[in-house]
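Each chain gets a letter, A, B and so on, in the order the sequences are listed, and its residues count up from 1.
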Amino acid sequence: MSHALTPSQTIGPFYFGTLANTYRAELAPPGVAGERIELAIALHDRDGAVVPDGLIEIWQANSHGRYNHPEDRRNLPLDAGFEGFGRASTDKAGVARFGTVRPGRVPWPQGGLQAAHVNISVFARGVLNRLATRLYFDGDPALAEDPVLKLVEAARRPTLIAKRDGGGLWTLSIHLGGAHETVFFDG
Amino acid sequence: MTEQAYRRPAAGTHPANLSPEYKSTVARSPSKPAVILPQTLSEITGPLRREERLDAGESDLTKQRMAAPLGERIIVQGRVLDEDGRAVPQALVEIWQCNAAGRYHHPGDQHDAPLDPNFYGGGRVRADEDGNYRFVTIKPGAYPWGNHRNAWRPAHIHFSLFGPAFATRLITQMYFPGDPLLAFDPIYNSVPAGARARLQSSFDMEATQPEWALAYRFDIVLRGRNATPMENA
């Protein structure tokens, strides 16, 4: 039996306090294995203005490269208390923050591994469909042969690559449009 | 391992990112097409939120404060399915809405309508093994917004669904059947004409509770999977 897909609608401006209640989400409680990192994801509109009413969600593998999901059946460790999901609203400066661990690499269907990455969903007033993108890590030698980055024209790849901002802090600016428009994926 | 990829949405399902009648889309919509990505483990896995503990009270938005909120009590129920009609078991369903007077419990909402100290407007429930979910709430009011002269949002409830994968994530809005404001709403009408009626709930006489509450049904259909398997290392 065929059922017609439910269409998407905007999250609107009034989700804070109900759907989301934080500007910084902590994914990894003490004891979770891996390198501790903090992600600061800034959201901008076409004109470069900050988007202070956006919701960012992230989904990632643990430090061993294992997704906490029944369809990841590889024999790699799961970490108790680490689902790999985080949700944070952007703040007045347009930034959503996440405390997590650096993810391990996950396979590419045709063989080999993808470079380590965090999967991102963007929602906001004025955004009618979920926008999916990825965060990669600057300086990672695996970036050069990452099969997903190869699908992206070279000039636009930097829109997906977070920069280290001292210590464990990584920053990425997502631009919904304009000269620095982020690469979004249809996956 | 062998997995099946999630089907791409049929043309005519989702709104265009740039829907200029809804003015906020102009500066917030990408101008370049999305890059088509073969689905990998990153896309076919996703948060299931199974560890998230829900209080029983979270599905009844009329019992979250000291007393009952003002407004018309309603039951909103339905099923979470995929395009093949299969239940999405244990799906986490999250909703949020304004109060009966058309005002959100949110500091950014400055509409000149009363806040109701007994209505917060957020709810969550986990669907059962057959994808069935049920909320008790009050019927949200219509409210004006600044999109254009005399713009009013039709009464609606926001819905958030994860489904089984990152690829199935969906945020949408449920409307009420036959609302005269639907014809004038650029957000509802951003959905292609052939698909927008799917966002209207249906009045459900069977599910009403005599002497207590009317009921509306809203089934949510998430992406289904291709028949052809894909290889996933």
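- How far CH2 of W59(A) is from CD of E43(B): 12.0 Å, rounded to the nearest 0.5 Å.
- Residue with the most contacts toward chain B among G17(A), A4(A), G178(A): A4(A) (heavy-atom pairs, distance under 4.5 Å).
- Relative orientation of the F162(B) and F85(A) rings is perpendicular, given thresholds of 30° and 60° on the angle between their planes.
- Taking all atoms of both residues into account, the shortest heavy-atom contact from W96(B) to T18(A) is CB-OG1, 3.3 Å.
- Nearest heavy atoms, R130(A) versus F166(B): NH2-O, 3.1 Å.
- Nearest heavy atoms, P7(A) versus R198(B): CD-CB, 3.9 Å.
- For chain A, the option among R7(B), H156(B), R49(B), Q173(B) with the highest count of heavy-atom pairs below 4.5 Å is R49(B).
- Interface summary for chain B: among L131(A), V183(A), V152(A), V127(A), the most heavy-atom pairs under 4.5 angstrom belong to L131(A).
- Note: G46(B) leads A10(B), G224(B), G46(B), P33(B) in heavy-atom pairs under 4.5 Å with chain A.
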Residue pair E52(B), E83(A): steps toward the side-chain contact (heavy atoms from CB on, under 4.5 Å) verdict: CA-CA 10 Å; E52(B) 194 76 3; E83(A) 184 180 25; 6.0 Å; no
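- Here the closest non-hydrogen pair linking P15(B) and N129(A) is O-ND2, 2.8 Å.
- E51(B) CD: 12 or fewer foreign heavy atoms inside a 6.0 Å radius.
- For E153(A) and K32(B), the salt-bridge test fails: no basic side-chain N is under 4.0 Å from an acidic carboxylate O.
- Judged by distance alone, with hydrogens and angles left aside, the side-chain atoms of H3(A) form no donor-acceptor pair with the main-chain N or O of D84(B) at under 3.5 Å.
- When atom types are taken as modelled, the side chain of T172(B) and the backbone of S8(A) share no donor-acceptor pair closer than 3.5 angstrom.
- Looking at residues two or more places apart in sequence or on another chain, you find no side chain to side chain donor-acceptor pair (under 3.5 Å) involving N21(A).
- You'll find the side chain of T6(A) stays beyond 4.5 Å of the side chain of L222(B), heavy atoms only.
- A donor-acceptor contact under 3.5 angstrom links the side chains of Y175(B) and Q9(A), judged on distance only.
- A distance of 7.5 Å separates CG of L5(A) from CG of L170(B), quoted to the nearest 0.5 Å.
- Taking chain A as the reference chain and counting heavy-atom pairs below 4.5 Å, the highest number among I220(B), D219(B), L199(B) is found for L199(B).
- Judged by distance alone, the side chain of N17(B) and the main-chain N or O of L128(A) form no donor-acceptor pair under 3.5 Å.
- Of the two parts of Q114(A), only the side chain, counted from C-beta on, holds a non-hydrogen atom closer than 4.5 Å to a non-hydrogen atom of chain B.
- Taking chain A as the reference chain and counting heavy-atom pairs below 4.5 Å, the highest number among P192(B), A34(B), S42(B) is found for S42(B).
- Annotation: side chain of Y104(B) is not in contact with side chain of P13(A) (no heavy-atom distance under 4.5 Å).
- Only the side chain of Y67(A) comes within contact range of chain B, judged by heavy atoms closer than 4.5 Å.
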Steps toward side-chain contact (heavy atoms from CB on, under 4.5 Å) verdict (F184(A), V35(B)): CA-CA 6 Å; F184(A) 297 103; V35(B) 173; over 6 Å; no
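- With respect to chain A, the highest number of heavy-atom pairs below 4.5 Å among D109(B), T13(B), I171(B) belongs to I171(B).
- Looking at H69(A) and L41(B), their side chains never come closer than 4.5 Å, going by heavy atoms from C-beta outward.
- Of the atoms belonging to H117(A), it is side-chain heavy atoms, and not backbone ones, that fall under 4.5 Å from chain B.
- The part of L81(B) that comes within reach of chain A is its side chain, from C-beta onward, which places non-hydrogen atoms under 4.5 angstrom from that chain.
- Interface residue I120(A): only backbone heavy atoms are found under 4.5 Å from chain B.
- Between the R8(B) side chain and the D186(A) main chain, a donor and an acceptor come within less than 3.5 Å of each other.
- By number of non-hydrogen pairs under 4.5 angstrom with chain B, the leading residue of V106(A), L151(A), D47(A) is L151(A).
- To the nearest 0.5 Å, atom CG of residue N119(A) and atom CZ of residue R169(B) are 13.5 Å apart.
- How far OG1 of T10(A) is from NE2 of H158(B): 8.0 Å, rounded to the nearest 0.5 Å.
- Within the 4.5 angstrom heavy-atom criterion, only side-chain atoms of F123(A), from C-beta onward, approach chain B.
- With a 4.5 Å cut-off on non-hydrogen atoms, R66(A) does not touch chain B at all.
- Enclosure of atom CZ in R97(A) is not indicated, since only 12 or fewer non-hydrogen atoms of other residues, nucleotides or ligands lie within 6.0 angstrom.
- Few gaps surround NE2 on H148(B); more than 12 heavy atoms of other groups in view lie less than 6.0 Å from it.
- Residues of residues 19-31 of chain B that come within less than 4.5 angstrom of chain A, heavy atom to heavy atom, are S19(B), Y22(B), S24(B), T25(B), V26(B), A27(B), R28(B), S29(B), P30(B), S31(B) in numerical order.
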